[in-house]
Amino acid sequence: MASVLTKTKRRKVVFPTKKELAEAMAEYTATLSAKFCKERDYFTVVLSGGDLISWLSELLEPKYLESIEWSKWHIFWVDERVVPWDDKDSNYKLAIDGFLSKVPIPIANIYAIDQDCAALGDAKGAAILYEECIKRLVNRNIIRTYKSSGFPQFDLQLLGMGPDGHMASLFPGHYQINEKSSLVTYITNSPKLPPKRITFTLPVINCASYNLMAVCDEAQADAVAKVFKNDLDLPAARLTADTEAIWYLDQAAASKIPTPKGRIFSTCI
Ligand SMILES: O=C1O[C@H](COP(=O)(O)O)[C@@H](O)[C@H](O)[C@H]1O
């Protein structure tokens with residue numbers, strides 16, 4: 001598969017509180033769910049780990065729980081820690097406990113890291129099997145492909161960023177950020193524990209139709225400011241999308257980005 005870089009501009013919305021950010025993220029997700037379920041009968045959603053999962057609980061409000069066509073959702077992970085499924089560090093466990101067990105998405109539509117590789121700590125094997133899983137779903141037309149490139153195109157990815165500017169398990173200064181041909185790669189010396197992880201590669205991440213990056217708290221403010229100064233040493237600064245790459249920030253996370261005076265909500269390109 002040839003590598004692809006899309007060029008959608010980065011946009012941000014700053015919310016006064018985390019709660020308002022979470023509400024907007026739920027509304028954004030529900031709107032896209034309606035669009036894609038209507039257009040193609042499937043909605044492919046990619047989750048990350050971290051704080052994001054707790055914010056997703058806004059989707060458990062009755063207005064969403066009752067209206068979303070959950071049976072059409074297909075769930076993937078942008079990155080996963082290579083630990084047993086029931087380990088406290090597992091992104092799968094985090095999402096199951098905090099969100100997926102509370103919505104009627106068919107279990108067959110939830111595509112976790114291979115259970116045996118996870119239990120054995122086999123990062124390379126897990127990456128190979130996850131890539132094969134994605135390719136099978138492309139062949140079944142559950143996942144679309146990006147134009148003529150053959151790269152998978154997910155409908156919506158919900159992403160987070162660490163204080164060092166990592167997104168998914170693509171870390172600053174680590175070679176995985178430069179991978180151009182694989183769909184899924186792995187790392188065995190992640191600077192953030194646990195050390196073994198698998199991750200979508202940048203071309204896959206940037207092929208998604210919609211990428212929503214949600215970041216809260218002051219600990220991330222320096223990294224957010226660097227992203228908005230286009231410091232490409234930070235993997236998160238390389239985030240684009242086919243249709244929209246949008247950053248949802250709370251005021252603390254956005255506090256070091258210079259903004260015009262007197263605006264609480266700001267949107268900039
Ligand atoms: O390790 C990880 O960190 C990032 C960021 O997490 P956050 O708690 O700072 O939001 C997360 O997006 C990624 O999926 C996870 O594996």
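Read the numbers this way: they start at 1 and go in the same order the structure lists the ligands and their atoms.
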Under 4.0 Å from a heavy atom of Asp79: give me the atoms of ligand 1 that qualify, with their elements. 13 (C), 14 (O), 15 (C), 16 (O)
Does Phe76 reach the side chain of Ile134, with side-chain heavy atoms less than 4.5 Å apart? yes
If we set the cut-off at 4.0 Å for heavy atoms, which region of Glu80 has an atom near ligand 1: side chain, backbone, both, or neither? neither
Report yes or no: do Trp77 and Ser48 form a side-chain donor-acceptor pair below 3.5 Å? no
Element-labelled atoms of ligand 1 that are located less than 4.0 Å from some non-hydrogen atom of Arg197: 1 (O), 2 (C), 16 (O)
Please confirm whether Leu159 comes under 4.0 Å of ligand 1, counting heavy atoms of the residue only. no
Is Lys19 paired with Glu58 through a side-chain N to carboxylate O contact shorter than 4.0 Å? yes
Pair Asp155 + Arg40, salt bridge at N-O below 4.0 Å: yes
Backbone or side-chain N or O of Gly49 under 3.5 Å from ligand 1 N or O: yes
How far apart are the closest heavy atoms of Glu80 and Tyr92, and which atoms are they? OE2-N, 2.8 Å
Could you check whether Asp222 pairs with Lys256 (Lys NZ or Arg NE/NH1/NH2 to Asp/Glu carboxylate O, under 4.0 Å)? yes
Ligand 1 to Asn91, heavy atom cutoff 4.0 Å, flagged ligand atoms 14 (O), 16 (O)
Counting non-hydrogen protein atoms only, what is the nearest one to atom 4 (C) of ligand 1? Give residue, atom name and distance. His166 NE2, 3.3 Å
Over-ring placement of Arg197 relative to Tyr186, 6.0 Å and 45° cut-offs: no
Testing the 3.5 Å rule here: is there a donor-acceptor pair between the side chains of Ser71 and Glu69? no
Location of contacts on Met161 toward ligand 1, heavy atoms closer than 4.0 Å: backbone
Between Val215 and ligand 1, find which residue part has any heavy-atom pair under 4.0 Å and reply side chain, backbone, both or neither. neither
Quick check on contacts: which atoms of ligand 1 are under 4.0 angstrom from a heavy atom of Gln220? 9 (O)
Those atoms of ligand 1 less than 4.0 Å from some heavy atom in Gly160: 12 (O)
Go through the side-chain N and O atoms of Ser209 and Arg144 and say whether any donor and acceptor fall under 3.5 Å apart. yes
Would one find an N or O of Ser169, backbone or side chain, under 3.5 Å from an N or O of ligand 1? no
Using a strict threshold of under 4.0 Å (side-chain N to carboxylate O), is an ion pair present between Lys192 and Asp164? no
Determine, using heavy atoms of Met167 and all atoms of ligand 1, whether some pair is separated by less than 4.0 Å. no
Of the protein's non-hydrogen atoms, which lies at the shortest distance from atom 10 (O) of ligand 1, and what is that distance? Asp51 N, 3.6 Å
Note: ligand 1 atoms sitting under 4.0 Å from heavy atoms of Ser48 are 12 (O), 14 (O)
Which protein heavy atom lies closest to atom 1 (O) of ligand 1, and at what distance to 0.1 Å? Arg81 NH2, 2.8 Å
